[in-house]
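These notes are about the structure you will find just below.
Small disclaimer: the values here were computed from a predicted structure and weren't measured. Order of appearance sets the numbers: ligands from 1, and atoms from 1 within every ligand. All values below come from the heavy atoms of this structure, side chains included, with hydrogens, waters and symmetry mates left out.
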Amino acid sequence: MIIAVTNQKGGVGKTTTTLNISAALAFMGKSTLLVDTDPQGHSTVSCVMDPFSIKKSLYDVLVKGEERIENVILKSTIPGLDVAISKISMAKLEPSLLGEIDGHYRLKDTLEDVKKKYNFILIDTPPTLGLITLNSLVAADKILIPIQSSYLSLEGTDDLLETIEKVKKVTNIGLEIIGVVITMHDKRTNISKDAVDRIKKAFGRKVFRTVISKSVKLEESPAYKESIFTFAPYSVGAKQYKNLAEEIVKRAKVKKNRTS
Ligand code: ATP
Ligand code: MG
(Lines give C-alpha, C1' and ligand atoms only; values in the text may rest on other atoms or scores of the structure.)
(Ligands and ions follow the chains in the order given, each with its own letter.)
Protein backbone atom coordinates (compact mmCIF):
# COMPACT_ATOMS: atom_id res chain seq x y z
CA MET A 1 0.00 0.00 0.00
CA ILE A 2 1.28 3.42 -0.97
CA ILE A 3 0.38 6.26 1.39
CA ALA A 4 1.11 9.91 0.53
CA VAL A 5 1.47 12.15 3.57
CA THR A 6 0.21 15.47 2.32
CA ASN A 7 -0.86 18.94 3.33
CA GLN A 8 0.34 21.92 1.34
CA LYS A 9 0.44 23.95 4.53
CA GLY A 10 4.03 24.11 5.75
CA GLY A 11 5.28 22.84 9.08
CA VAL A 12 2.22 20.84 10.09
CA GLY A 13 4.08 17.63 10.92
CA LYS A 14 4.20 15.80 7.56
CA THR A 15 7.84 14.77 7.91
CA THR A 16 7.64 13.96 11.63
CA THR A 17 4.57 11.82 10.95
CA THR A 18 6.05 10.09 7.89
CA LEU A 19 9.26 9.24 9.73
CA ASN A 20 7.66 7.92 12.90
CA ILE A 21 4.86 6.02 11.18
CA SER A 22 7.42 4.42 8.85
CA ALA A 23 9.55 3.51 11.87
CA ALA A 24 6.56 2.00 13.67
CA LEU A 25 5.53 -0.05 10.63
CA ALA A 26 9.09 -1.31 10.17
CA PHE A 27 9.20 -2.20 13.86
CA MET A 28 5.96 -4.16 13.42
CA GLY A 29 7.79 -6.28 10.84
CA LYS A 30 6.27 -4.63 7.77
CA SER A 31 8.77 -4.04 5.00
CA THR A 32 8.64 -0.29 4.59
CA LEU A 33 10.03 2.29 2.18
CA LEU A 34 9.98 6.02 2.80
CA VAL A 35 10.02 8.04 -0.41
CA ASP A 36 11.24 11.58 0.18
CA THR A 37 9.90 13.85 -2.56
CA ASP A 38 10.56 17.13 -0.75
CA PRO A 39 13.46 19.21 -2.16
CA GLN A 40 14.12 20.23 1.45
CA GLY A 41 15.11 16.60 2.06
CA HIS A 42 14.13 16.71 5.73
CA SER A 43 13.18 13.04 5.89
CA THR A 44 16.41 12.09 4.16
CA VAL A 45 18.69 14.05 6.49
CA SER A 46 16.72 12.90 9.53
CA CYS A 47 17.38 9.22 9.00
CA VAL A 48 20.10 8.60 6.43
CA MET A 49 23.64 8.51 7.79
CA ASP A 50 25.40 9.86 4.72
CA PRO A 51 23.06 10.84 1.88
CA PHE A 52 26.05 12.35 0.07
CA SER A 53 27.61 8.91 -0.28
CA ILE A 54 25.74 8.72 -3.57
CA LYS A 55 25.53 11.51 -6.11
CA LYS A 56 22.09 10.70 -7.42
CA SER A 57 18.67 11.13 -5.88
CA LEU A 58 15.03 10.61 -6.77
CA TYR A 59 15.32 13.56 -9.17
CA ASP A 60 17.62 11.60 -11.46
CA VAL A 61 15.15 8.71 -11.48
CA LEU A 62 12.05 10.80 -12.11
CA VAL A 63 13.37 13.31 -14.60
CA LYS A 64 16.24 11.80 -16.48
CA GLY A 65 15.03 8.22 -16.38
CA GLU A 66 18.67 7.22 -16.47
CA GLU A 67 18.78 5.84 -12.96
CA ARG A 68 16.75 3.01 -11.42
CA ILE A 69 14.97 3.76 -8.15
CA GLU A 70 16.84 0.89 -6.50
CA ASN A 71 20.03 2.92 -6.93
CA VAL A 72 18.75 5.84 -4.84
CA ILE A 73 17.31 3.70 -2.04
CA LEU A 74 19.52 3.62 1.03
CA LYS A 75 19.21 1.84 4.36
CA SER A 76 18.18 4.37 6.99
CA THR A 77 19.36 4.67 10.58
CA ILE A 78 15.88 3.50 11.58
CA PRO A 79 15.85 -0.29 11.91
CA GLY A 80 14.21 -1.99 8.93
CA LEU A 81 13.44 1.21 7.04
CA ASP A 82 14.63 1.97 3.50
CA VAL A 83 14.60 5.50 2.08
CA ALA A 84 14.48 6.77 -1.50
CA ILE A 85 16.49 9.90 -0.97
CA SER A 86 15.79 13.48 -1.96
CA LYS A 87 18.31 16.21 -2.54
CA ILE A 88 17.98 19.87 -3.35
CA SER A 89 18.07 18.89 -7.03
CA MET A 90 14.41 17.86 -6.58
CA ALA A 91 13.64 21.58 -6.76
CA LYS A 92 14.41 21.34 -10.49
CA LEU A 93 11.78 18.63 -10.94
CA GLU A 94 8.81 20.91 -11.46
CA PRO A 95 10.36 23.07 -14.20
CA SER A 96 11.89 19.99 -15.81
CA LEU A 97 8.63 18.07 -16.03
CA LEU A 98 6.42 20.99 -16.94
CA GLY A 99 4.94 20.33 -20.34
CA GLU A 100 5.96 16.66 -20.38
CA ILE A 101 2.93 14.63 -21.33
CA ASP A 102 3.53 12.01 -18.64
CA GLY A 103 4.75 14.58 -16.09
CA HIS A 104 2.18 13.56 -13.47
CA TYR A 105 2.87 9.84 -13.77
CA ARG A 106 6.61 9.63 -13.26
CA LEU A 107 6.52 8.61 -9.58
CA LYS A 108 3.73 6.09 -10.15
CA ASP A 109 5.64 4.45 -13.00
CA THR A 110 8.85 4.47 -10.95
CA LEU A 111 7.28 2.86 -7.90
CA GLU A 112 5.92 -0.01 -10.01
CA ASP A 113 9.48 -1.37 -9.96
CA VAL A 114 9.62 -1.71 -6.17
CA LYS A 115 5.96 -1.89 -5.12
CA LYS A 116 5.97 -5.66 -4.67
CA LYS A 117 8.98 -5.57 -2.38
CA TYR A 118 7.32 -3.49 0.33
CA ASN A 119 4.21 -3.85 2.47
CA PHE A 120 4.07 -0.08 2.93
CA ILE A 121 5.49 2.81 0.93
CA LEU A 122 5.13 6.22 2.59
CA ILE A 123 5.66 9.37 0.57
CA ASP A 124 6.72 12.57 2.32
CA THR A 125 5.62 15.54 0.23
CA PRO A 126 6.65 19.21 0.09
CA PRO A 127 4.40 22.05 1.30
CA THR A 128 2.97 22.82 -2.14
CA LEU A 129 0.23 21.56 -4.40
CA GLY A 130 2.58 21.52 -7.38
CA LEU A 131 3.76 18.79 -9.68
CA ILE A 132 5.68 16.87 -7.01
CA THR A 133 2.60 16.57 -4.82
CA LEU A 134 0.48 15.70 -7.86
CA ASN A 135 2.92 12.90 -8.72
CA SER A 136 2.53 11.64 -5.16
CA LEU A 137 -1.28 11.71 -5.30
CA VAL A 138 -1.30 9.93 -8.64
CA ALA A 139 1.04 7.23 -7.28
CA ALA A 140 -0.76 6.73 -3.95
CA ASP A 141 -3.49 4.35 -2.86
CA LYS A 142 -4.24 6.44 0.23
CA ILE A 143 -3.65 9.92 1.56
CA LEU A 144 -2.77 10.71 5.15
CA ILE A 145 -3.38 14.35 6.04
CA PRO A 146 -1.65 15.79 9.09
CA ILE A 147 -3.35 18.92 10.42
CA GLN A 148 -1.81 21.00 13.18
CA SER A 149 -4.16 21.78 16.05
CA SER A 150 -3.76 25.52 15.83
CA TYR A 151 -5.39 28.69 14.70
CA LEU A 152 -5.92 28.58 10.88
CA SER A 153 -5.34 24.83 10.94
CA LEU A 154 -7.97 24.22 8.25
CA GLU A 155 -6.70 26.96 5.99
CA GLY A 156 -5.97 25.46 2.57
CA THR A 157 -7.66 22.11 3.16
CA ASP A 158 -10.41 23.01 0.65
CA ASP A 159 -7.77 23.39 -2.06
CA LEU A 160 -6.23 20.08 -1.06
CA LEU A 161 -9.59 18.28 -1.17
CA GLU A 162 -10.34 19.84 -4.54
CA THR A 163 -7.01 18.61 -5.91
CA ILE A 164 -7.67 15.11 -4.54
CA GLU A 165 -11.06 15.06 -6.27
CA LYS A 166 -9.47 16.14 -9.55
CA VAL A 167 -6.82 13.42 -9.34
CA LYS A 168 -9.54 10.85 -8.59
CA LYS A 169 -11.57 11.95 -11.56
CA VAL A 170 -8.78 12.13 -14.07
CA THR A 171 -6.48 9.27 -13.20
CA ASN A 172 -6.68 7.60 -9.81
CA ILE A 173 -10.27 6.62 -9.12
CA GLY A 174 -9.41 4.46 -6.11
CA LEU A 175 -7.57 7.21 -4.24
CA GLU A 176 -8.91 7.64 -0.70
CA ILE A 177 -8.11 9.59 2.41
CA ILE A 178 -7.01 6.95 4.93
CA GLY A 179 -7.32 9.54 7.66
CA VAL A 180 -6.60 12.92 9.15
CA VAL A 181 -4.17 13.11 12.04
CA ILE A 182 -4.20 16.03 14.43
CA THR A 183 -0.64 17.04 15.29
CA MET A 184 1.16 19.25 17.81
CA HIS A 185 -1.82 19.29 20.10
CA ASP A 186 -1.54 21.21 23.34
CA LYS A 187 -4.43 20.29 25.57
CA ARG A 188 -3.76 23.24 27.87
CA THR A 189 -4.73 25.85 25.30
CA ASN A 190 -8.18 26.84 24.12
CA ILE A 191 -6.84 27.46 20.61
CA SER A 192 -5.79 23.82 20.39
CA LYS A 193 -9.09 22.58 21.80
CA ASP A 194 -11.08 24.74 19.35
CA ALA A 195 -8.95 23.50 16.48
CA VAL A 196 -9.67 19.85 17.37
CA ASP A 197 -13.40 20.60 17.38
CA ARG A 198 -13.21 22.30 13.99
CA ILE A 199 -11.10 19.53 12.44
CA LYS A 200 -13.49 16.86 13.74
CA LYS A 201 -16.46 18.81 12.44
CA ALA A 202 -14.88 19.13 9.01
CA PHE A 203 -13.57 15.55 8.64
CA GLY A 204 -15.79 13.48 10.95
CA ARG A 205 -14.81 9.82 11.13
CA LYS A 206 -11.81 10.36 8.90
CA VAL A 207 -10.03 11.85 11.94
CA PHE A 208 -7.86 9.26 13.68
CA ARG A 209 -8.66 8.61 17.31
CA THR A 210 -4.99 9.10 18.15
CA VAL A 211 -4.01 12.75 18.50
CA ILE A 212 -0.29 13.65 18.47
CA SER A 213 0.67 16.00 21.30
CA LYS A 214 3.21 18.76 21.14
CA SER A 215 6.42 17.20 22.41
CA VAL A 216 10.02 18.33 22.66
CA LYS A 217 11.19 14.73 22.25
CA LEU A 218 9.49 14.51 18.84
CA GLU A 219 11.22 17.71 17.85
CA GLU A 220 14.64 16.54 19.04
CA SER A 221 14.82 12.99 17.70
CA PRO A 222 15.59 13.83 14.01
CA ALA A 223 18.74 15.68 15.07
CA TYR A 224 20.05 12.34 16.35
CA LYS A 225 18.81 10.52 13.22
CA GLU A 226 16.51 8.43 15.40
CA SER A 227 12.82 7.77 15.42
CA ILE A 228 10.92 8.50 18.60
CA PHE A 229 10.89 4.75 19.35
CA THR A 230 14.60 4.53 20.05
CA PHE A 231 15.18 8.16 21.07
CA ALA A 232 12.49 8.24 23.77
CA PRO A 233 10.75 4.86 23.79
CA TYR A 234 8.64 5.60 26.87
CA SER A 235 7.56 9.09 25.83
CA VAL A 236 4.02 10.14 25.06
CA GLY A 237 5.04 10.73 21.43
CA ALA A 238 6.26 7.14 21.06
CA LYS A 239 3.00 5.80 22.47
CA GLN A 240 0.91 8.04 20.24
CA TYR A 241 2.77 7.29 17.00
CA LYS A 242 2.61 3.55 17.79
CA ASN A 243 -1.15 3.85 18.29
CA LEU A 244 -1.50 5.84 15.08
CA ALA A 245 0.45 3.20 13.11
CA GLU A 246 -1.87 0.54 14.52
CA GLU A 247 -4.92 2.53 13.45
CA ILE A 248 -3.42 2.91 9.96
CA VAL A 249 -2.76 -0.83 9.66
CA LYS A 250 -6.34 -1.52 10.77
CA ARG A 251 -7.82 0.89 8.26
CA ALA A 252 -5.56 -0.46 5.50
CA LYS A 253 -6.77 -4.01 6.24
CA VAL A 254 -10.47 -3.16 6.25
CA LYS A 255 -10.25 -1.60 2.80
CA LYS A 256 -8.15 -4.49 1.42
CA ASN A 257 -10.59 -7.13 2.66
CA ARG A 258 -13.51 -5.25 1.20
CA THR A 259 -12.06 -5.27 -2.26
CA SER A 260 -10.78 -8.86 -2.16
P1 ATP B 1 7.32 21.20 5.80
O2 ATP B 1 6.00 21.68 5.29
O3 ATP B 1 8.36 22.26 5.90
O4 ATP B 1 7.80 19.98 5.10
P5 ATP B 1 6.28 19.44 7.80
O6 ATP B 1 4.83 19.55 7.53
O7 ATP B 1 7.00 18.28 7.26
O8 ATP B 1 7.04 20.77 7.32
P9 ATP B 1 7.60 18.88 10.28
O10 ATP B 1 8.93 19.19 9.68
O11 ATP B 1 7.31 17.48 10.59
O12 ATP B 1 6.46 19.52 9.37
O13 ATP B 1 7.37 19.73 11.58
C14 ATP B 1 7.59 21.13 11.62
C15 ATP B 1 8.36 21.47 12.89
O16 ATP B 1 7.58 21.12 14.00
C17 ATP B 1 9.67 20.70 13.03
O18 ATP B 1 10.60 21.51 13.68
C19 ATP B 1 9.28 19.52 13.90
O20 ATP B 1 10.37 19.03 14.66
C21 ATP B 1 8.23 20.13 14.79
N22 ATP B 1 7.22 19.16 15.23
C23 ATP B 1 6.54 18.29 14.48
N24 ATP B 1 5.68 17.57 15.21
C25 ATP B 1 5.83 18.01 16.49
C26 ATP B 1 5.22 17.67 17.74
N27 ATP B 1 4.26 16.75 17.82
N28 ATP B 1 5.62 18.34 18.84
C29 ATP B 1 6.57 19.31 18.76
N30 ATP B 1 7.18 19.67 17.63
C31 ATP B 1 6.82 19.04 16.49
MG1 MG C 1 8.42 18.16 5.70
Would you give the length of the straight line joining atom CD1 of I145 to atom CG of N7, rounded to the nearest 0.5 angstrom? 7.0 Å
Could you tell me whether the side chain of [X] and the main chain of [Y] form a donor-acceptor pair under 3.5 Å?
X	Y	value
D186	S192	no
S227	A24	no
T32	L81	no

Looking at residues at least two apart in the chain, or sitting in another chain, which of them share a salt bridge (Lys or Arg N to Asp or Glu O under 4.0 Å) with E67? K56
Scanning both residues in full, the closest heavy-atom pair of S149 with M184 reads OG-O, 3.6 Å
N119 to K30 - nearest heavy-atom pair and separation: OD1-CA, 3.4 Å
Hey, which atoms in ligand 1 end up nearer than 4.0 Å to a heavy atom of [X]?
X	answer
D38	4 (O)
I212	27 (N)
V12	5 (P), 6 (O), 12 (O)
S213	26 (C), 27 (N), 28 (N)
G10	2 (O)
P127	2 (O)

Which protein heavy atom lies closest to [atom], and at what distance to 0.1 Å?
atom	answer
atom 18 (O) of ligand 1	E219 CG, 4.2 Å
atom 3 (O) of ligand 1	Q40 NE2, 3.2 Å
atom 10 (O) of ligand 1	T15 CB, 4.0 Å
atom 1 (P) of ligand 1	G11 N, 3.5 Å
atom 12 (O) of ligand 1	G13 N, 3.0 Å
atom 11 (O) of ligand 1	T16 OG1, 2.5 Å
atom 29 (C) of ligand 1	S215 O, 3.2 Å

Could you tell me if T17 and Y241 have a donor-acceptor pair between their side chains, going purely by distance under 3.5 Å? yes
Is the closest side-chain donor-acceptor distance between D124 and S43 under 3.5 Å? yes
Any protein heavy atom < 4.0 Å from atom 23 (C) of ligand 1: yes
Output all residues satisfying side chain to side chain contact (heavy atoms under 4.5 Å, CB included) with A91, sequence neighbours left out; order by chain, then residue number. P39
Partners passing side chain to side chain contact (heavy atoms under 4.5 Å, CB included) against D194 (at least two apart in sequence or in another chain): none
Student check: side-chain heavy atoms of P126 and T37 closer than 4.5 Å: yes
The protein N, O or S atoms lying under 2.8 Å from the Mg ion (ligand 2) are T15 OG1
Considering K14, M184, Q240 one by one, which has a heavy atom nearer to atom 5 (P) of ligand 1 than any of the others? K14
side-chain contact (heavy atoms from CB on, under 4.5 Å) evaluation trace for K9 with Q148: CA-CA 9 Å; K9 206 166 156 63; Q148 189 179 347; 5.9 Å; no
